[in-house]
There are 2 protein chains.
Amino acid sequence: MNAGRTARERVRAELTREITDIARRQLAVDGAAGLSLRAVAREMGMVSSAIYRYFPSRDDLLTALIIDGYNTAGEAVERADAACPRSDYTGRWLAVCHAVRDWALARPHEYALLYGSPVPGYQAPMDTVTAAVRDTVVYGRILSEAHAAGALNPPGVCPPAPASFAGDAARVREVMPGVPDDVVARALVAWSGLFGWVSFELFGQFNAVVLDPATAFGHAMRCHAALLGLPAPAAPPHR
Amino acid sequence: MNAGRTARERVRAELTREITDIARRQLAVDGAAGLSLRAVAREMGMVSSAIYRYFPSRDDLLTALIIDGYNTAGEAVERADAACPRSDYTGRWLAVCHAVRDWALARPHEYALLYGSPVPGYQAPMDTVTAAVRDTVVYGRILSEAHAAGALNPPGVCPPAPASFAGDAARVREVMPGVPDDVVARALVAWSGLFGWVSFELFGQFNAVVLDPATAFGHAMRCHAALLGLPAPAAPPHR
DNA sequence: GTCCGTCAAGAGCAGTGCTCTCGTTTCTCT
DNA sequence: AGAGAAACGAGAGCACTGCTCTTGACGGAC
């Protein structure tokens, strides 16, 4: 992001940014499969082979867009969480849920690129994972703090996690320190439930059935909050 | 499926089946984006233009594969449900969950085609919806029967559904007769949670974190069963 | 037995990702 | 400051895609 020393480096950074910008616009219109290096080049008044000076392949351009997408989503989630009172754990969870959904509704194709079918033959490089977990980190922190504050209700209806889950729980705990296995298990349920719902809504599984998805989504996420053991919201339901 | 009257009709049906078979094999290897009409034609010893006598466009071939996919998934779910004692509602739910997951793990690309990002520019024709809801119908019947038998526990931790959800609930009730709004809402949560989990597992969101997905999945689905109000399984946890 | 509809084949169009070469420009090192 | 190296844009070209159109042959119905 810093202005490069030489003029060449500055123009290179500028052109790289322009390529990704145009690519992101194309992605928003035609989806990942419709992203064409030649079309990007055409729109830039360049010849197609010149693009390869900046991105060695189409997949590399896609990777840049993916990392960018994870970052903007992560930022949105971080912002939503930061806007809530620290001790309103339920409100923070609901804010994260709405941030994810709003972000997805605003850029359906980008969401599909991140959380839909992986593009065939494409292997996500390691660079993506650090960006990919930004929202997960926020989520983990909420649960971690809620647990530490003793704000999490006992499991309630949920059965206890099997002993063989301990290994996976330990790995998840890296973003959710101090949380017992049972809560980790419920956390995975709620997290996959959030994205499962958004995917259903975006990919058309709710078509002609759920006509007021905003209402249903809010309620569904409050159900997940209850399953997580988060306290019932004191104020009238968020949104 | 009936043997057509004329020889021409029979050979046409035969060739159509061969095309979809080869296409499904290609789909399993390269994914939806890698499905090529020309490659199918090549494998059949045909010229590419001849395929268009049978499928007017690539999208139509894809549609045939999608409908086929929904049907095999629906059948698997129906079979799994039918194998359980009628009154073991929790067992039937868990059987449906495992049927969905097993089907998806066996054909990841086909699952991605059905429940992942919709292929860009592709609009699912109405023919698909009847096939698409086969599994949902089974799911609805389980909850409907469980509710009719009085086997569903009260909402427990879940907050009551908002009044504005009534319209959507009525539409969902078409596959879930007699079930009150609260249960309908929880049903949507569990259903999207099931597919959200499978998508996370298949699309790599659990990579390097959940290493024993089978165990975690079983527990997650038992959590959903509890949220649905299904009775705790009497026998040791299914699978 | 004719005749119309169906069929496979082939050429061709517009588009794609990607590679290679060829001058030119720009930076860097002496 | 000048020589060598690195980066760059342009262009041609390869192999591939979906799809269209035309041509000629075959098969079933009247």
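Chain letters run A, B, ... following the sequence lines, proteins first and then strands; every chain starts at 1.
As rounded to whole Å, 18 Å separates atom P of C:dT6 from atom CZ of B:R10. The nearest whole Å value for the distance from the CD atom in A:E14 to the P atom in D:dA7 is 20 Å. Between A:R58 atom CZ and C:dG17 atom P there is a gap of 6 Å when expressed in whole angstrom units. Spacing between atom CG of A:L37 and atom C1' of C:dT16 amounts to 9 Å, rounded to whole angstrom units. Summarising the geometry, the separation between CG on A:L62 and P on C:dG17 is reported as 11 Å, rounded to the nearest angstrom. For A:F55 and D:dA7, the CZ to P distance is 17 Å, given to the nearest whole Å. When the P atom of C:dA11 is taken as reference, atom OH of B:Y52 falls 17 Å away, rounded to whole Å.
Minimum atom distance to the side chain of A:R12 is reached by D:dC8, of the listed C:dG17, D:dC8, C:dA9.
Every residue meeting the salt bridge (Lys or Arg N to Asp or Glu O under 4.0 Å) condition with B:D21, not counting sequence neighbours, appears here in chain and number order: B:R17, B:R24. Legend: residues meeting side chain to side chain donor-acceptor pair (under 3.5 Å) with B:R58, ordered by chain and number and at least two apart, are absent. A:A161 meets the side chain to side chain contact (heavy atoms under 4.5 Å, CB included) test with A:F165, A:D182, A:A185, B:H219; sequence neighbours excluded. Listed by chain and number, the residues in a salt bridge (Lys or Arg N to Asp or Glu O under 4.0 Å) with A:R8 amount to none (sequence neighbours excluded).
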Can you give the donor-acceptor pairs under 3.5 Å from side chains of residues 132-143 of chain B to other protein atoms, not counting sequence neighbours?
| residue | atom | partner | partner atom | Å |
| --- | --- | --- | --- | --- |
| B:R134 | NE | B:E78 | OE2 | 3.0 |
| B:R134 | NH1 | B:N71 | OD1 | 2.9 |
| B:R134 | NH2 | B:E78 | OE1 | 2.9 |
| B:R134 | NH2 | B:E78 | OE2 | 3.3 |
| B:D135 | OD2 | B:Y115 | OH | 3.0 |
| B:Y139 | OH | B:A187 | O | 2.8 |

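Heavy atoms of A:L61 sit nowhere under 4.0 angstrom from any nucleic acid atom. Heavy atoms of B:I51 sit nowhere under 4.0 angstrom from any nucleic acid atom. Residue contacts shown for B:S48 include a base, since a base heavy atom lies under 4.0 Å away. Looking at heavy-atom distances under 4.0 Å, A:Y54 makes contact with sugar-phosphate atoms alone, never a base.
Contacts between residues 38-45 of chain B and DNA chain C, counted as heavy-atom distances below 4.0 Å, involve B:R38.
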Quiz item: What one-letter contact string describes nucleotides 21-30 of chain C from 5' to 3', where B marks a base within less than 4.0 Å of any protein heavy atom, S marks contact via sugar-phosphate atoms alone, and - marks no contact?
Solution: ----BBSS--
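Within the 4.0 Å cut-off from OP1 or OP2 of C:dC18, not a single side-chain nitrogen or oxygen of A:S49 is found.
One distance of note links CG of B:L113 with CG of B:L35; it measures 9.0 Å at 0.5 Å rounding.
Using cut-offs of 30° and 60° on the angle between ring planes, the pair A:H224 and A:W93 is perpendicular.
The list of side-chain hydrogen bond (donor to acceptor under 3.5 Å, both in side chains) pairs with a residue in residues 36-55 of chain B, not counting sequence neighbours, reads B:R25-B:E43. Among pairs with a residue in residues 188-213 of chain A, those fulfilling salt bridge (charged side-chain N to carboxylate O under 4.0 Å, His left out) read A:R101-A:E201, at least two apart in sequence or across chains.
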